[in-house]
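Below is one structure; the comments refer to it alone.
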Amino acid sequence: MKINNFGPSGINPYKKQMNKLDGAAAPTDKKTDKVEISSAAKEMQQLSQISAERKAKVEELKLQVQNGTYKMDAKETAKSLLDFYKGNSSIGKP
């Protein structure tokens, strides 16, 4: 004659399952996340205020272009480009 499940585990097979469910429901060590912002990131946040002004200007220009009210002065644009490249060509020179 063969006897299986001899011992306390064979008496109530559902008890093991209930213990597993109770163990899963119990919270283990609660760990919290921690965020540290570097000084470089803090500087970038302050620089973003300038970019907010720039975004506002870009949005204004987009609206003008969409409405057809944006007028461009070709001579002023050419002068700005020339000044920009003249300024960059003197970088590194004494």
Side-chain angles (χ1 to χ4, degrees):
M1 181 162 103
K2 189 172 184 181
I3 299 175
N4 291 332
N5 293 332
F6 180 72
S9 64
I11 294 173
N12 189 354
Y14 298 106
K15 186 160 180 116
K16 276 187 180 179
Q17 186 175 3
M18 292 302 293
N19 288 340
K20 286 182 186 178
L21 291 174
D22 289 340
T28 57
D29 293 333
K30 291 186 178 182
K31 296 182 180 182
T32 59
D33 292 335
K34 184 177 180 183
V35 176
E36 292 182 18
I37 300 175
S38 68
S39 59
K42 289 178 183 177
E43 285 180 33
M44 292 173 77
Q45 285 178 337
Q46 295 202 355
L47 291 175
S48 70
Q49 292 174 353
I50 295 170
S51 66
E53 292 172 2
R54 184 178 176 101
K55 284 181 184 179
K57 178 70 174 176
V58 168
E59 288 300 319
E60 179 185 335
L61 290 173
K62 279 183 183 179
L63 287 173
Q64 288 179 1
V65 169
Q66 287 174 354
N67 295 334
T69 59
Y70 179 71
K71 301 296 179 199
M72 184 176 86
D73 184 12
K75 287 185 180 184
E76 186 64 32
T77 303
K79 182 181 180 298
S80 295
L81 284 170
L82 188 59
D83 290 344
F84 175 78
Y85 284 109
K86 279 185 178 179
N88 281 340
S89 64
S90 64
I91 293 177
K93 293 182 181 179

- Query: Taking atom CE of Met44 and atom OG of Ser39, what is their separation to the nearest 0.5 Å?
  - Reply: 11.5 Å
- Taking all atoms of both residues into account, what is the closest heavy-atom pair of Tyr70 and Leu61, and its distance? CE1-CD2, 3.6 Å
- Worked check of salt bridge (Lys or Arg N to Asp or Glu O under 4.0 Å) between Lys57 and Glu59: CA-CA 5 Å; Lys57 178 70 174 176; Glu59 288 300 319; over 6 Å; no
- Query: When rounded to the nearest 0.5 angstrom, what is the spacing between NZ in Lys55 and NZ in Lys62?
  - Reply: 10.5 Å
- Query: When rounded to the nearest 0.5 angstrom, what distance separates CG in Leu82 from OG1 in Thr77?
  - Reply: 12.5 Å
- NZ on Lys71 to OG1 on Thr69, rounded to 0.5 Å: 7.5 Å
